[in-house]
Amino acid sequence: MGIVTPGFRGRGRDSAPELPPGQYLTHDFPVLSAGPTPHVETDDWALTVTTEAGARSRWSWRDLLALPQETPTVDLHCVTKWSKLGTRWRGVSLDVLLEDVETAADFALVRCFDGYTTNLPLEDLLDGQAWVAHEYDGEPLARAHGGPARLLVPHLYLWKSAKWISGIELSDTDEPGFWEQLGYHDYGDPWREQRYAGD
Ligand SMILES: Nc1nc2c(c(=O)[nH]1)N[C@H]1C(S)=C(S)[C@@H](COP(=O)(O)O)O[C@H]1N2
Ligand SMILES: [Mo]
């Protein structure tokens, strides 16, 4: 199969898909992790949201599955320049998770079972832009890709889509995460090619 075949139909597109600047199409699903893959059983999995006032909300695996589920089909853009179009997921919208969380915070720091962190503005988690995803392509999410559950925030570079998500800390201040401290862009919009700090 060619990389770009004539008549290829992306999601809702009539012509060959447009990729963000500097990206190429891949049909694989590469694995990129900063360290070893943690083994998180669903019984041990929980997501904790902490507000700037210190209030905590916690969802067990069973709680997560009891919430309304969505099946987003989204394009992924990795800062290492591969893009994968039309990926199919199942999970819970952050709009649902944060619905009853009282906060006036502007920023979120996402924490993971492997110690990874990433930061983003809280508004980028809302309005149908982000999910806690636990199925990929109709199957339980593979451990290497963040199973049992990962953050999916496809409008930003994929390093923001934290695998093995364990917590979200809401804050008035923007605290850089793992890659952001190492010189990657604080926001990471692929369409503006915000790869590194200063881009
Ligand atoms: N917890 C955690 N999440 C993570 C990472 C990681 O090392 N640990 N790597 C990030 C990076 S740099 C990328 S590009 C994507 C890769 O996701 P994938 O392995 O499913 O392709 O996960 C992101 N989320
Ligand atoms: Mo990455």
Side-chain angles (χ1 to χ4, degrees), residues 19-42 44-50 59 61 64 71-92 94 97 107-121 124-125 129-169 175-197 199:
L19 291 173
Q23 297 294 112
Y24 65 86
L25 259 187
T26 181
H27 296 283
D28 307 330
F29 194 173
V31 170
L32 289 112
S33 305
T37 295
H39 207 133
V40 185
E41 300 292 340
T42 52
D44 301 325
W45 186 90
L47 175 70
T48 305
V49 172
T50 311
W59 293 267
W61 184 253
L64 184 78
T71 53
T73 297
V74 299
D75 301 341
L76 307 178
H77 307 296
C78 178
V79 74
T80 61
K81 301 201 169 177
W82 57 267
S83 290
K84 186 173 175 60
L85 304 183
T87 62
R88 294 165 52 239
W89 301 81
R90 182 178 175 84
V92 177
L94 265 292
L97 290 164
F107 302 101
L109 181 70
V110 183
R111 294 191 181 276
C112 306
F113 284 95
D114 63 337
Y116 184 86
T117 55
T118 189
N119 59 301
L120 65 173
D124 286 83
L125 290 177
Q129 298 185 96
W131 298 265
V132 171
H134 55 83
E135 283 185 19
Y136 171 75
D137 216 11
E139 303 284 344
L141 181 58
R143 276 178 62 213
H145 285 298
R150 78 182 295 170
L151 182 65
L152 178 65
V153 48
H155 70 289
L156 301 176
Y157 279 125
L158 196 59
W159 88 76
K160 300 284 185 180
S161 290
K163 304 194 282 191
W164 317 294
I165 186 171
S166 63
I168 302 174
E169 288 175 14
E175 201 185 312
F178 178 80
W179 286 118
E180 293 84 0
Q181 289 176 49
L182 291 172
Y184 282 80
H185 198 278
D186 191 62
Y187 185 63
D189 179 352
W191 296 96
R192 288 186 276 168
E193 210 169 356
Q194 294 173 337
R195 299 179 192 275
Y196 307 105
D199 282 352

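None of the values given here were measured: they were computed from a predicted structure. Remember, it's 1-based here, ligands and their atoms both numbered in the order they're listed.
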Parallel, tilted or perpendicular for Trp61 and Trp45, by the 30°/60° rule? perpendicular
His134 vs Arg90, side chain to side chain contact (heavy atoms under 4.5 Å, CB included): CA-CA, chis, key distance, verdict: CA-CA 6 Å; His134 55 83; Arg90 182 178 175 84; 4.3 Å; yes
May I ask you to decide whether Lys81 forms a salt bridge with Glu193, counting only side-chain N to carboxylate O separations under 4.0 Å? no
Enumerate the pairs of nitrogen or oxygen atoms, one from ligand 1 and one from the protein, separated by less than 3.5 angstrom; state names and distance to 0.1 Å.
residue, atom, partner, partner atom, Å
ligand 1, 1 (N), Asp114, OD1, 2.8
ligand 1, 1 (N), Asp114, OD2, 3.2
ligand 1, 1 (N), Lys163, O, 2.8
ligand 1, 3 (N), Lys163, N, 2.8
ligand 1, 7 (O), Ala34, N, 2.7
ligand 1, 8 (N), Asp114, OD2, 2.8
ligand 1, 9 (N), Leu32, O, 3.2
ligand 1, 17 (O), Arg150, NH2, 3.1
ligand 1, 19 (O), Leu32, N, 2.9
ligand 1, 19 (O), Lys163, NZ, 2.6
ligand 1, 20 (O), His145, ND1, 2.6
ligand 1, 20 (O), Arg150, NH1, 2.7
ligand 1, 21 (O), Pro30, O, 2.6
ligand 1, 22 (O), Arg150, NH2, 3.4
ligand 1, 24 (N), Ser161, O, 3.2

Any salt bridge (charged side-chain N to carboxylate O under 4.0 Å, His left out) involving residues 28-41? Give me the pairs, sequence neighbours left out, ordered by first then second residue. none
Taking only residues two or more places apart in sequence or in another chain, which ones pass side chain to side chain donor-acceptor pair (under 3.5 Å) with Glu135? none
With sequence neighbours left out, what residues match Trp59 under side chain to side chain donor-acceptor pair (under 3.5 Å)? none
